[in-house]
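Not measured: the values here are computed from a predicted model. Start at 1 with the first residue, then count along the sequence.
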Amino acid sequence: MLTLDTLISSAPDRLRRAGRVAGEGDRPVAGVWPADPANAPARERGWRDVLAVLPPEAQAADEDQEADIRALARAGAAALAVSEPAPQQILDAAGRHRLPVLLTDPETCTVPRLAQLLADQEAAAGRRLQDLLECAKQLSTAPETAAGILRWLAQMIDGQAVLLAPHRPPPALDGGLTLPEERVAALADGTTQAATADVGDWNVRLYALGPVPPYDVLAVARARTAGWPQPVTEAVTMAELLLSSWLRLRAAADGERAPIRSSVLQMLMAGQVLAARRAATPLAMSPDVLTADEARVYVVGGRAAHRDTLVSACHYHLGDAGLVVGCPVDEHQVIIVATPDAPTEALLRDLVTRREGFRLGASRAVPLDGVAEAHGEATRALAAAGSSPDHYAVFTPDIELVRLLPAEGAGRWAAATLAPLDEWPQGRRAEWLDGMRLWLAYGPIGAARLAGFHRNTVRQRAETVGEALGLDLGRLADRIRLDLALRIDRLGLEHGGSGPAPGFDELLADAAALRWAEEYLRRLDDELLPTVLAWIQAGQHTPTAATRLGVHPKTVAARLRRAEAQVREPLISHPAVGGPTAASANGVCGVHDLALAARITHHLPL
């Protein structure tokens, strides 16, 4: 409904308010009637929100009009229209009864003239609404952008309007306008819901929009001298409501597709490329990635509260060139599978550098059925990114211990370790061993989420494999033996030579293994090495290690994070910061290389 201020804005040279009643400009005006005293007291007869017109001949009458003005006020009239110069007794009486007064010239102070002005304003409001609805159609035809709504809003306010999305660079603004970064950040984080600022010749208003933080921020700007009349603020409110609804619907739609993207990732992690393509094709999901011969995996680490928005931002920037999934294991991470030739790296690095607390790790380019291995590489690179000035690292392959061990002896030892599984059907053996690789790297819960199984299924399979191999997988030493055997088995070494298989100690008693171990531990400084060794001896339990070292648990955790960056392997999983639990069992197999190096150099018994 139109307001008194809206009506005045249609003819500011002929209409003005007397300004004696607080908030009178916001009063709605539903119609125009003569100020007929006989009808004034009857609200049910239509006086509510009506502009009562007192023509010049009536306001010049000598009779007391106090009773009529009181009746109009009680009936809920919007205002009393009188021509200038208005008699003082009318202004005083209207002020006493809190009835706004609209001042006009004698020619305009008639029912037909004021009714025409009101009708013109209603028609203009209808046209603005029609234009807004036309612009809103693009939200369904091109749901990734709200450009049409913003253009409409900028036209309606005769200024500028932009929507600032978290983790994305702000669009360029006209007139050298620079938005106040601190206030925009406070709105995005949810510290406040609205703000205003004067920037040069502009007055800027900011509004937080969206279902959850970090919020999108609507910024509208007008010339400081123009003010914010009611039609302008009304346009801002309409656009704000429409954009808020659009952001909620977009977030809901993206949330509905998230489980499907996660399922496609699980298929790729299991090497089921054909199944992943079949699942994604009907939805036109990441076709560039799933039809490529090679892919690169990126892992972004940051604040868990911002992960959903980061997923949305990555999906927005990469489009079909990337499969973007919130990590099913670690709520602080986002996994991106992208084509090697896509501009993914530059886009993701830009996102990371513009947000404090984010890191980015990238794998090498791998065949599409090697996504699981590439994910491990990206996770290792993410650990190394913690010490990088730009918080970014690409996986650099070290010389692996398994490639330095005597090939024949290592092959026979791994074959002997896994021999009890040779009687299993080949398909079952391969599937279960792949599952054990995930179990060793991410623990039962993480492996279940990545493989798409129930965690009880993963745990039961791990128990079955452990019993078959005669290993207690609750012990770090036995998990390391299984991990080493699986890594050697993946190399496909020949192991048909004569003689018994070497024992574990004999296998590691090699000069090349000793050089590898010494080089590995040399990455840790004099403070970190004792801390890491004490932590492993304490069963990877941070409080116990802190007690033995005589420091605070937070100090141990901080040193372990530094150690991760120096050895370039993850040591602590976010879901189990205090150490492994019965549910997570291990969760990060970067500990295995560290413990092996300590065992080979006699720093640590296993």
Side-chain angles (χ1 to χ4, degrees), residues 1-126 128 226-238:
M1 187 179 293
L2 301 180
T3 65
L4 197 57
D5 272 348
T6 307
L7 181 61
I8 292 173
S9 68
S10 66
D13 56 332
R14 290 179 287 166
L15 305 176
R16 67 183 184 89
R17 291 187 285 110
R20 293 194 173 195
V21 179
E24 61 184 33
D26 294 332
R27 287 204 176 194
V29 181
V32 181
W33 275 24
D36 184 353
N39 289 333
R43 291 188 182 186
E44 68 274 13
R45 298 177 64 179
W47 277 99
R48 164 70 67 178
D49 298 333
V50 167
L51 177 63
V53 182
L54 190 65
E57 60 273 14
Q59 66 191 50
D62 293 334
E63 66 266 16
D64 183 11
Q65 296 172 317
E66 177 88 18
D68 294 341
I69 292 175
R70 180 174 62 250
L72 287 167
R74 290 179 176 176
L80 178 66
V82 300
S83 64
E84 297 187 277
Q88 190 61 44
Q89 66 271 20
I90 292 180
L91 295 177
D92 293 341
R96 285 192 295 271
H97 296 291
R98 302 185 61 78
L99 178 64
V101 174
L102 177 64
L103 301 174
T104 75
D105 58 66
E107 184 180 353
T108 306
C109 193
T110 65
V111 171
R113 291 292 180 88
L114 291 172
Q116 185 60 51
L117 290 175
L118 185 62
D120 291 344
Q121 284 294 88
E122 289 176 339
R128 290 195 298 269
W228 293 85
Q230 194 274 339
V232 170
T233 57
E234 183 182 76
V236 173
T237 300
M238 294 172 68

Carefully, step by step, assess Leu103 and Val82 under the rule side chain to side chain contact (heavy atoms under 4.5 Å, CB included). CA-CA 5 Å; Leu103 301 174; Val82 300; 3.7 Å; yes
Are any non-hydrogen side-chain atoms of Leu51 and Leu118 less than 4.5 angstrom apart? no
Between atom CD1 of Ile69 and atom CZ of Arg74, what is the distance when rounded to the nearest 0.5 Å? 13.0 Å
If you take all heavy atoms of Trp228 and Val236, which pair is closest and at what distance? CZ3-CG2, 4.2 Å
Is there a side chain to side chain contact (heavy atoms under 4.5 Å, CB included) between Val29 and Thr6 once you walk through the steps? CA-CA 9 Å; Val29 181; Thr6 307; over 6 Å; no
Quick check for you: to the nearest 0.5 Å, what is the distance between Thr104 atom OG1 and Ile8 atom CD1? 10.5 Å
Please report the shortest heavy-atom distance between Cys109 and Ser83, naming the atom on each side. SG-N, 3.6 Å
How long is the straight-line distance from OG1 of Thr108 back to CG of Leu117, given to the nearest 0.5 Å? 7.0 Å
When you compare the side chain of Pro55 with that of Thr110, does any pair of heavy atoms fall below 4.5 Å? no
Over all heavy atoms of both residues, which pair between Ala93 and Glu66 is shortest? Give the atoms and the distance, please. CB-OE1, 3.4 Å
Could you check whether any side-chain heavy atom of Gln65 comes within less than 4.5 Å of a side-chain heavy atom of Leu54, counting everything from C-beta outward? yes
Distance col, row Glu24:CD vs Leu99:CG, nearest 0.5 angstrom, shows 9.5 Å
Is Glu107 paired with Arg14 through a side-chain N to carboxylate O contact shorter than 4.0 Å? no
For the student: nearest non-hydrogen atoms of Val101 and Ala94, plus distance: CG2-CB, 3.5 Å
Residues in salt bridge (charged side-chain N to carboxylate O under 4.0 Å, His left out) contact with Asp92, at least two apart in sequence or another chain: Arg20
Asp5 and Arg17: which non-hydrogen atoms are nearest, and at how many Å? OD1-NE, 2.8 Å
Taking Arg27 for its side chain and Ala77 for its backbone only, find out whether a donor-acceptor pair lies under 3.5 Å. yes
Minimum heavy-atom distance between Ala35 and Leu80, given as atom pair plus value: CB-CD1, 4.2 Å
